[in-house]
Visitor: 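Attaching a single structure in structure tokens format; questions to follow.
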Amino acid sequence: MAVPGALAGLLSGPHPLALVPLALTTASSAVTDTIASGLSTGTLNLQLNAGAIAPEVAVLIALIACLLVDLAGEKAATRWVPPLCYGGLGSALVLLALQWNGPLEPSFLGSFLADNLAIAFRSVVAASTLVTLLLSWRYVERSGTPVGEYAAILLAATLGAMFLCGSTDLISIFISLETLSVSSYLLSGYMKRDARSSEAALKYLLVGSAAAAVFLYGASLLYGLSGGSTSLEAIAVALKTAASPITALSLVFVLATVAFKIAAVPFHQWTPDVYEGSPTPVVAFLSVGSKAAGFALALRLLVGCFESFDAQWKFLFTVLAVLSMVLGNIVALAQTSMKRMLAYSSIGQAGFVMIGLVCGTEDGFASMVVYMAAYLFMNLGAFACIILFSLRTGSDRIADYAGLYQKDPLITLGLSLCLLSLGGIPPMLGFFAKIYLFFAGWADKQYLLVVVGLITSVVSIYYYISVIKMMVVKEPQEASDAVKAYPEISWNLSGMQSLRAALVGCVFVTAVGGILSSPLFEWASSTVAGTPILQQAIAVAGALPLG
């Protein structure tokens, strides 16, 4: 029997395993030569451009410091962990401000880009973590869980979210996404003595793992379509000439991952159970920080990569936005738990933000940034009130808020203002942010989205005002048992001062920010102007014929 020539040559030559050391030596030599060449020309430092992740380094240092302090015991952790976290996150925000409108140089061989879009969303993430930590200390201490571990895991989630906002490579996106996700699973189940917390973590883990697998499969398809590149820029170029069923399939998988991260219908099933079972400060972070990272990922992938499939993904997102606004706001009407109500409310809020994404215009992108910044303060302000009420009564049932104005005017006023802002009542900050979204949608002829948004906003106002009515209108004899047994208000306990500072700060910005919102709109416009992928999308949209 004749042996094929290629096989005969292989059998007659050196054994294949004998070639492995040679191959490794050759590869090692090539890498060494490349590095030496790069170092000799001074280009390696330019390609890494490590200064772009200086804010993340500040958060990482704070994370490591929290873990080290935690080893010294709970007493030392309670004293030193809060200032370490404030220092790390405060430094990160300052460094992000210094990067604003800086030179656009890709970092780490093109896997990270600190453009204005990344800086804006990283700022929202860092600020949401800072406020969440202010809300957390008393809650975590009351639960009897280690403060240092909690802060470290939350900072790890922050790192993942911040890296996700600027990642421009499939590998860096996946690593950032999983860093955020795994930390979120741990935070959801952090109250180990609470069965609901463990159940929430398990549900989140199962659904999140499925979403990660879906993303990996979609990323592998994109890798193949691009000819073996993981760079989003190279993938975008390849997809312009790669219209095929496989491309459509990869778009669906990527879109499903984004929809899961922002909790859009029908990928929202995890949200109500996770929000209800998780520790309330963790829910506050997930509702703002994680969602902001999800929208940054949506802009990077859909606007940056799938430019040639613009009509297709915008149609799919239009459907998701309508479903999210309708289902989120209607189901919220029937909720009896404050956390579940805000969970469905957050689904509806994601639908509003998607209006700006679907528009693809300068006003559309800017309105997304404005709304996420406004949502940071009004939503975390509402959660601050819920945490404070929960600490004093141990309940988050809406009915237990009946007659609260008699015993706690601060929570009543703060929660009322934040809920009115979430509903879009003037002159609150949420009103101006929502009007900007609707204006951008109407200017881009997205009439269906704007009409659905207006109708569902009216629905949302109903259940927000129902809570306010419960707190304010009830007579003293109609007050709930929780309010009748309300403890004496004391701010001298550990962690209460920071909680009050966060509550007052968020409520103040929510109430006054609408009147003084001009700098916020200018900041959002500057964000869009300093982001190349958004400018390119705007230019392409402007070149298309109207109608």
Side-chain angles (χ1 to χ4, degrees), residues 82-83 85-86 89-90 93 124 126-143 147 150-151 154 275 278-289 338-339 341-342 345-346 349 373-396 398 400-401 404-423 425 428-430 464 467-468 470-472 482-483 486-516:
C85 293
Y86 301 152
L89 291 166
L93 288 169
V124 171
S128 68
T129 305
L130 182 59
V131 176
T132 299
L133 286 169
L134 289 170
L135 305 178
S136 298
W137 305 126
R138 182 62 187 167
Y139 191 97
V140 174
E141 186 177 332
R142 276 276 299 270
S143 68
V147 172
Y150 170 81
L154 186 57
Y275 275 40
S278 300
T280 311
V282 173
V283 179
F285 172 77
L286 293 177
S287 67
V288 179
M338 281 294 291
K339 288 203 287 186
M341 186 200 78
L342 286 179
S345 165
S346 74
Q349 301 289 344
Y375 189 64
L376 161 69
F377 294 103
M378 55 192 182
N379 204 53
L380 291 183
F383 272 106
C385 297
I386 293 171
I387 290 170
L388 194 52
F389 184 80
S390 174
L391 288 171
R392 289 173 175 167
T393 65
S395 172
D396 76 328
I398 296 175
D400 287 337
Y401 284 75
L404 183 61
Y405 79 96
Q406 308 158 35
K407 297 292 183 71
D408 202 328
L410 178 61
I411 293 182
T412 304
L413 176 63
L415 187 56
S416 299
L417 292 176
C418 290
L419 292 179
L420 289 174
S421 184
L422 285 167
I425 300 295
M428 304 298 170
L429 180 58
Y464 289 138
V467 177
I468 299 171
M470 186 75 65
M471 294 188 292
V472 176
V483 169
Y486 207 75
E488 183 180 350
I489 297 174
S490 173
W491 297 103
N492 297 324
L493 299 172
S494 173
M496 294 297 283
Q497 293 290 347
S498 62
L499 202 163
R500 181 169 63 174
L503 169 58
V504 172
C506 287
V507 171
F508 178 78
V509 174
T510 300
V512 180
I515 303 170
L516 306 174

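Scope of the values below: all heavy atoms of this structure, side chains included, with no hydrogens, waters or symmetry mates.
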Visitor: Tell me every residue that passes side-chain contact (heavy atoms from CB on, under 4.5 Å) with Y150, counting only those two or more places apart in sequence or in another chain.
Guide: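 Expected list: T132, L133, S136, V140, L154, L187, Y190, P281, V282.
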Visitor: Among all residues two or more places apart in sequence or in another chain, which pass the side-chain hydrogen bond (donor to acceptor under 3.5 Å, both in side chains) test with S498?
Guide: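 In terms of side-chain hydrogen bond (donor to acceptor under 3.5 Å, both in side chains), with neighbours along the sequence ignored, S498 is linked to no residue.
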Visitor: To check you understand the geometry: which heavy-atom pair defines the closest contact between T412 and L404, and what is its length?
Guide: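 Heavy-atom minimum between the residues: OG1-C, 3.6 Å.
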Visitor: What is the distance from atom CG of L130 to atom SG of C85, rounded to the nearest 0.5 Å?
Guide: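 Going from the CG atom of L130 to the SG atom of C85 covers 9.0 Å.
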Visitor: Taking L417's backbone N and O only, do any of them form a donor-acceptor pair with S421's side chain (distance below 3.5 Å, no angle check)?
Guide: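 No, the answer is negative, given that no donor and acceptor are paired below the 3.5 Å cut-off.
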Visitor: Are side-chain heavy atoms of K339 and T280 found at a separation under 4.5 Å?
Guide: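 Of all side-chain heavy-atom pairs linking T280 with K339, at least one is under 4.5 Å.
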Visitor: Evaluate the side-chain proximity of N379 to C418: yes if any heavy-atom separation is below 4.5 Å, no if none is.
Guide: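 Side-chain contact under 4.5 Å: no.
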Visitor: When rounded to the nearest 0.5 angstrom, what is the spacing between OG in S287 and OH in Y375?
Guide: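 If I round to the nearest 0.5 Å, the distance is 5.0 Å.
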Visitor: Does any non-hydrogen side-chain atom of Y405 lie less than 4.5 Å from one of L413?
Guide: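 Side-chain contact under 4.5 Å: no.
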Visitor: Are I468 and L420 close enough, and set up right, to give a side chain to side chain contact (heavy atoms under 4.5 Å, CB included), and what steps lead you there?
Guide: CA-CA 9 Å; I468 299 171; L420 289 174; 3.7 Å; yes
Visitor: How about F383 and V131: do any of their side-chain heavy atoms sit closer than 4.5 Å?
Guide: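 Not in contact.
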Visitor: With the side chain counted from C-beta on, respond yes when L499 and W137 share a heavy-atom pair under 4.5 Å apart, and no when they do not.
Guide: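 The answer is no; the side chains never approach within 4.5 Å.
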Visitor: Mind checking ring-ring contact (aromatic ring centres under 6.0 Å, His included) for Y464 and listing every partner two or more places apart, or none if nothing turns up?
Guide: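 Partners of Y464 under the ring-ring contact (aromatic ring centres under 6.0 Å, His included) test: none.
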Visitor: For Q349 and L422, run side chain to side chain contact (heavy atoms under 4.5 Å, CB included): C-alpha distance rounded to whole Å, both residues' side-chain angles, the deciding distance at 0.1 Å, then the answer.
Guide: CA-CA 8 Å; Q349 301 289 344; L422 285 167; 3.9 Å; yes
Visitor: According to side-chain hydrogen bond (donor to acceptor under 3.5 Å, both in side chains), who are the partners of T129, at least two apart in sequence or on a separate chain?
Guide: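 T158.
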Visitor: State the OG-CG distance between S128 and L89, to the nearest 0.5 angstrom.
Guide: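 Between atom OG of S128 and atom CG of L89 there are 9.0 Å.
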Visitor: Are D396 and F389 packed together at the side-chain level, in the sense that at least one heavy-atom pair is separated by less than 4.5 angstrom?
Guide: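 No, their side chains stay 4.5 Å or more apart.
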Visitor: Run the side-chain hydrogen bond (donor to acceptor under 3.5 Å, both in side chains) test against E141 and tell me which residues pass, sequence neighbours left out.
Guide: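 Result, side-chain hydrogen bond (donor to acceptor under 3.5 Å, both in side chains) vs E141: S494.
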Visitor: Hey, what do you get for CG (L134) to OH (Y86), rounding to the nearest 0.5 Å?
Guide: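 Reported value, rounded in 0.5 Å steps: 4.5 Å.
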Visitor: Write down the atom of M496, the atom of L391, and the distance for their closest heavy-atom approach.
Guide: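 For M496 versus L391, the nearest heavy atoms are SD-CD1, 4.4 Å.
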Visitor: If you measure from CG on L388 to CD1 on I489, what distance do you get to the nearest 0.5 Å?
Guide: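 Atom-to-atom, L388:CG and I489:CD1 are 8.0 Å apart.
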Visitor: So do the side chains of M338 and L415 get within less than 4.5 Å of each other, counting heavy atoms only?
Guide: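 They are in contact (side-chain heavy atoms under 4.5 Å apart), so the answer is yes.
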Visitor: Is it true that a side-chain atom of S345 and a backbone atom of M341 form a donor plus acceptor pair closer than 3.5 Å?
Guide: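 A pair under 3.5 Å: no.
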Visitor: Considering non-hydrogen atoms only, spot the tightest contact between V483 and K407 and give its length.
Guide: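 So the minimum-distance heavy-atom pair works out to O-NZ, 3.0 Å.
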Visitor: With rounding to the nearest 0.5 Å, note down the distance linking CG in L380 to CD1 in I386.
Guide: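 It comes to 11.0 Å.
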Visitor: Can you name the residues that form a side-chain hydrogen bond (donor to acceptor under 3.5 Å, both in side chains) with R392, not counting sequence neighbours?
Guide: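 By the side-chain hydrogen bond (donor to acceptor under 3.5 Å, both in side chains) rule, R392 matches D408.
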Visitor: I want to check something: taking the side chain as every heavy atom from C-beta on, are R138 and I387 in contact at a cut-off of under 4.5 Å?
Guide: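 Not in contact.
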